[in-house]
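Working notes for the structure below.
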Amino acid sequence: MHPLVIRGGLVATAFGALRCDIGIEGGRVVTLAEHIAGGDEVIDATGLLVLPGGVDAHCHIEEPRPDGGRSEESFVSASRAAFAGGTTSVVSFIPQWKGHGVWDRFEDYRARAATGMLDHAFHQIISDPTDAVMADEVPRLVAEGVRSLKVFLTYEPLHLNDAQYIRVLEAARKLGCLVTVHCENYDAIQWRTQRLLEAGRTGPKYHAWSRPAVVEREATHRAIALAELVDQPVEIFHVSCAEAAEEIARAQARGIRVWGETCPQYLTLTAAHMARPDGALFMCSPAPRDAEEHERLWGMIRAGTLNIISSDHCGFSAAVKVGADFSVIPNGIPGLAARLPLIFSEGVARGRITLEQFCALVSTNPAKLMGLYPRKGVIAPGSDADLVLWDPTRRVKLTNALMHHAVDNTPYEGMEVTGWPVATLRRGEVVMRDGVVMAQPGSGRYLPRGPYDMVRPRGITANGFGA
Ligand code: URP
Ligand code: ZN
Ligand code: ZN
């Protein structure tokens, strides 16, 4: 007899969909069968899809800021948002500030994350790859289960030059970490920004002018070329346009271990949103492009070039964003809760991707890429019972209240979606039902990551150097 049975749903995974029951015990899936009799508790999923819980590989939560502040989104509020939208695990960021180490922040950030309800892992941002940091401190983080390093090729005060980026790649290769890269050309953006400000062009719409697609394409090419030089697997974060994705596709065709992430904002928003009076609320980097770009990106998703869709959740309330000139408005938009509904609606409901591709993009592939699979990202005996009961036909108009996050806006306000989560289970516990989140703060678990296959170098370098 199973303590919990999900009965009668269409169980969908990245490998196909079949009508079956799910037996759950000890927070894990133990049985998948056409019919499971009994059950101490039974949840009727008739007419619903049962999906693997979303894995969001890119979220800025309770993140310290260089000015001493912190993201408005706490781990508790982010957990509510995630569960409301069908996501059960996240990977969030621990920043490093120039002149500082990385180890001293880990315990504090880990304690903060433990106050929330989401299962969580961390990326370490590297902004100052000194010998001491890379040789002494990062290995300590790796021993604690941090297996991904994020680098920024733009942004004051985080950006790395090529020499620093190569150092990070080299260290990651030795340590068995993934490197994730924000690809935009720092100097090119600085030049354009200065010229725009000199001309009095200060509104949010000039954010897009300051960083057109070519600065993303150039940095993507460079990030991949240097990763190839060092033979280090990399994930290109938040790809906004096909010309950057084409750089990834070309490298993949040569066998380079590079993958690409895109986000709902690059599939639904355009630069025109930033020309509105509240345009600052749509400002993120890279900048959203145009509607034709959406279709090109869907093509890159179908082709497998872009293998994960994350939210890049990074919310700011309107008072923080609206009114300043574009060069000082903080970048980032919230999207934790909206990610699955938007991608299901724009992707599956509109026939651009299959249900299997949807599961892969929002759950299975991020779990694999982040070294969390098969504990996360799949519905199979032995995996955590992270499940979403999904109504594929329900039509919902998105509002900020439905997002459950801490900030007072969503860039998706008023958009209509088809498909909606009616219940979310995290490790076999119902944590959201009909929009009501009921998880206990402090119930989220840290997900330490060991060595995993996707970060294995190819062992091929020019001249055999360092291989
Ligand atoms: O605009 C964005 N994407 N803000 C969040 C930080 C980052 O670059 O990922
Ligand atoms: Zn970034
Ligand atoms: Zn980000």
Side-chain angles (χ1 to χ4, degrees), residues 56-67 69-73 78 90-97 120-127 148-160 165 168 178-186 189 193 204 206-208 210-211 215-216 219-220 223 234-241 244 259-269 271 273-274 279-289 306 308-317 320-321 324 326-336 338-339 366 369-370 405 407 409-411:
D56 197 335
H58 187 158
C59 298
H60 301 269
I61 303 170
E62 221 167 313
E63 190 174 304
R65 303 216 178 280
D67 62 5
R70 204 168 269 281
S71 332
E72 290 170 69
E73 203 71 75
V90 292
V91 189
S92 66
F93 295 86
I94 317 175
Q96 179 202 13
W97 307 127
H120 51 272
F122 306 132
H123 303 290
Q124 176 64 54
I125 294 172
I126 302 291
S127 67
S148 42
L149 306 177
K150 172 158 187 192
V151 300
F152 290 85
L153 301 185
T154 191
Y155 275 153
E156 206 70 75
L158 296 170
H159 77 282
L160 301 187
Y165 173 50
V168 174
L178 180 69
V179 174
T180 66
V181 196
H182 180 126
C183 294
E184 290 183 292
N185 182 307
Y186 173 76
I189 295 169
T193 300
Y206 295 109
H207 175 68
S210 73
R211 50 211 322 133
V215 308
E216 183 182 349
T220 304
V234 287
E235 172 80 8
I236 307 301
F237 265 170
H238 40 47
V239 175
S240 75
C241 56
W259 300 277
E261 169 199 82
T262 192
C263 313
Q265 50 269 42
Y266 302 117
L267 300 165
T268 56
L269 304 180
H273 283 98
M274 286 178 282
L281 301 181
F282 302 87
M283 258 183 66
C284 55
S285 290
R289 310 290 178 193
L306 301 174
I308 69 172
I309 302 182
S310 312
S311 67
D312 193 3
H313 180 85
C314 186
F316 298 90
S317 281
V320 182
K321 290 197 96 168
F326 79 84
S327 69
V328 294
I329 292 172
N331 287 195
I333 55 178
L336 243 177
R339 181 179 69 118
L369 189 67
M370 294 300 148
H405 52 216
V407 297
N409 62 89
T410 168

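Not measured: the values here are computed from a predicted model. Atoms within each ligand, like the ligands themselves, are counted from 1 in listed order.
Per-residue contacts place His58 under 4.0 angstrom from the following atoms of ligand 1 (heavy atoms of the residue considered): 9 (O). Listed by number with element, the atoms of ligand 1 under 4.0 angstrom from any heavy atom of Cys314 are 5 (C). Annotation for ligand 1: atoms under 4.0 Å from non-hydrogen atoms of Gly332 are 1 (O), 2 (C), 4 (N). For ligand 1, the atoms closer than 4.0 angstrom to any heavy atom of Cys284 are 1 (O).
Considering each of Gln265, His207, Met283, Lys150, the one bringing a non-hydrogen atom nearest atom 7 (C) of ligand 1 is Lys150.
With rounding to the nearest 0.5 angstrom, the CZ atom of Phe237 is 6.0 Å from the CD1 atom of Ile308.
Remark: Arg211 engages Glu184 in a salt bridge, criterion side-chain N to carboxylate O under 4.0 Å. One finds a salt bridge joining Glu216 and Arg289 here, because a Lys/Arg side-chain nitrogen approaches an Asp/Glu carboxylate oxygen to under 4.0 Å.
Between the side chains of Ser148 and His123, at least one donor N or O sits under 3.5 Å from an acceptor N or O.
With waters neither drawn nor counted, the protein N/O/S atoms under 2.8 Å from the Zn ion (ligand 3) amount to 3.
With respect to atom 6 (C) of ligand 1, the closest heavy atom belonging to the protein is His60 NE2, 3.4 Å. For atom 4 (N) of ligand 1, the closest heavy atom belonging to the protein is Asn331 O, 3.3 Å. From the protein, the heavy atom lying nearest to atom 8 (O) of ligand 1 is His182 ND1, 2.9 Å. In this structure, the protein non-hydrogen atom closest to atom 2 (C) of ligand 1 is Tyr155 OH, 3.5 Å. In this structure, atom 1 (O) of ligand 1 lies nearest to the protein heavy atom Ser285 N, 2.7 Å.
Contacts of His120 classified as side-chain hydrogen bond (donor to acceptor under 3.5 Å, both in side chains), with partners at least two apart in sequence or in another chain: none.
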